[in-house]
Amino acid sequence: MKLSPSIYTADFGRLGEQLRDAEAAGVDWIHLDIMDGHFVPNITFGPLVAAAVRRHTRLPCEAHLMISEPERYFEAFKEAGVSRLIVHVETCPHLYSTINQLRQLDLQVGITLNPLTPLSSIEEALPLVDLVLIMSVEPGFGGQKYIPLSTQRIAAVRRMLDRIGSSAELEVDGGINIHTICEVRDAGATIAVVGSAVFNDKYSVAESVNMLRAATQQCHTDDEAEDIV
Ligand code: DX5
Ligand code: ZN
């Protein structure tokens, strides 16, 4: 299972070092949580910090846009060197056009939805995207508890993607740690976003990533997981 650490909970005073530690620990992506104080109550950072992150790591970066009218910022994030943008369907009434805009900018396309937004709101878009992100907490803050009903949503999207023969990534975001990572993997997720379980005061980044890797060793095998789904 791929890991995409969110810098939301990183120490911004030594962000470069934290990014280098994550890269050395063998993670796959860097996840940037962009919040505008409007779509979600919290405010984080924008393209300027994304560009700084880009300069400090060779890893590909994805931006999770928890902002109203996200299309206003697509070009800025592209220029900042972000490879994949993930938009909330709640903020995109014209999702087909939004996806086309991202394609025209040669960006990878991710779509996501809040924990109780019906899955039917993404179903038609599935053949058009590179990634689906299941939110397993209400967006807006790091360090929240995994919402258990997310597991059945991951499994349902897994089935939808398999049915149409899509190889899109299935990512999960919120409350992923050593206790929850197997549950989401067994349900069919291919990437875990991890904030506080990678960047925290208790363990080094390397220790945290190793603990997550060790936890995934305890998950079911692929065949067993398929049976569960
Ligand atoms: C929530 C964000 C998440 C979050 C992850 O709005 O999208 O990426 O910061 O943090 P943890 O892993 O601590 O839940
Ligand atoms: Zn996120």
Side-chain angles (χ1 to χ4, degrees), residues 1-12 15 18-19 22 25 27-47 49-50 53 59-68 70 73 77 82-91 108-117 129-151 153-154 169-185 189-203 205 207-209 211-213 215-216:
M1 183 173 213
K2 292 177 199 150
L3 293 179
S4 184
S6 165
I7 62 164
Y8 179 99
T9 54
D11 179 349
F12 276 65
L15 191 52
Q18 299 246 281
L19 288 165
V27 305
D28 304 277
W29 282 79
I30 295 297
H31 184 87
L32 307 172
D33 281 310
I34 314 299
M35 306 183 188
D36 66 351
H38 186 254
F39 174 60
V40 292
N42 204 0
I43 299 177
T44 52
F45 54 84
V49 171
V53 168
L59 291 171
C61 298
E62 58 181 11
H64 173 193
L65 302 180
M66 289 164 274
I67 61 179
S68 303
Y73 300 94
F77 282 106
V82 172
S83 309
R84 176 155 70 208
L85 293 189
I86 305 167
V87 294
H88 270 264
V89 295
E90 296 87 354
T91 65
Q108 286 189 43
V109 179
I111 54 173
T112 187
L113 68 183
N114 289 341
L116 289 188
T117 300
V129 303
D130 303 303
L131 173 142
V132 179
L133 171 63
I134 296 296
M135 286 307 298
S136 42
V137 297
E138 286 285 11
F141 298 93
Q144 301 182 74
K145 226 168 137 345
Y146 179 82
I147 299 174
L149 61 77
S150 311
T151 308
R153 285 165 65 82
I154 297 165
E169 300 278 12
L170 179 49
E171 189 172 45
V172 58
D173 184 3
I176 306 301
N177 54 41
I178 55 168
H179 306 293
T180 50
I181 196 161
C182 277
E183 184 163 335
V184 302
R185 183 201 173 275
T190 57
I191 310 182
V193 175
V194 190
S196 46
V198 165
F199 298 112
N200 55 62
D201 297 337
K202 222 167 158 191
Y203 302 101
V205 171
E207 284 167 342
S208 298
V209 170
M211 285 163 64
L212 285 163
R213 294 260 182 246
T216 55

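We count ligands from 1, going down the list as the structure has it; atoms in each ligand are counted the same way.
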Mark up the atoms of ligand 1 that fall under 4.0 Å of a heavy atom belonging to [X], in ascending order.
X    : result
P139 : 6 (O)
D33  : 2 (C), 3 (C), 4 (C), 7 (O), 8 (O), 9 (O)
M35  : 6 (O)
Y8   : 9 (O)
H31  : 8 (O)
G174 : 14 (O)
M66  : 6 (O), 7 (O)

Using a 4.5 Å cut-off on heavy atoms from C-beta on, say whether the side chain of [Y] contacts that of [X].
X    : Y    : answer
I191 : L3   : no
K145 : V137 : no
L149 : L116 : yes
V87  : I111 : yes
I67  : T91  : no

Within-cut-off N or O pair, [X] and ligand 1, under 3.5 Å:
X    : value
H64  : yes
G195 : yes
D173 : yes
G140 : yes
S196 : yes
V193 : no
G143 : yes

* Report the distance from atom CE of M1 to atom CZ of R213, rounding to the nearest 0.5 Å. =>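 The CZ atom of R213 is 10.0 Å from CE of M1, to the nearest 0.5 Å.
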Side chain [X], main chain [Y], donor-acceptor under 3.5 Å:
X   : Y    : result
S6  : V193 : no
R84 : G110 : no
D36 : S68  : yes
D28 : S4   : no

* Top protein contact for atom 1 (C) of ligand 1, by heavy-atom distance ->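 In this structure, atom 1 (C) of ligand 1 has F141 O, 3.5 Å as its nearest protein heavy atom.
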* Among all protein heavy atoms, pick the one closest to atom 14 (O) of ligand 1 and tell me residue, atom and distance. =>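 For atom 14 (O) of ligand 1, the nearest protein heavy atom comes out as G175 N, 2.9 Å.
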* Asked: Rounded to 10°, how many degrees is the angle OD1/D33-the Zn ion (ligand 2)-ND1/H64?
  ->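 With the Zn ion (ligand 2) as the vertex, the angle is close to 90°.
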* Assess whether side-chain hydrogen bond (donor to acceptor under 3.5 Å, both in side chains) is satisfied between D33 and T44, documenting all intermediate values. => CA-CA 7 Å; D33 281 310; T44 52; over 6 Å; no
* Asked: Looking at the Zn ion (ligand 2), which N/O/S atom of H31 is the nearest one?
  ->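 The atom in question is NE2.
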* Asked: For the Zn ion (ligand 2), which N, O or S atom of D173 is at the shortest distance?
  ->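 Of all N, O or S atoms belonging to D173, OD2 is the one nearest the Zn ion (ligand 2).
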* Give me the ring orientation class for F45 and F12: parallel if the planes are under 30° apart, tilted from 30 to 60°, perpendicular past 60°. =>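 Aromatic pair F45/F12 classed tilted.
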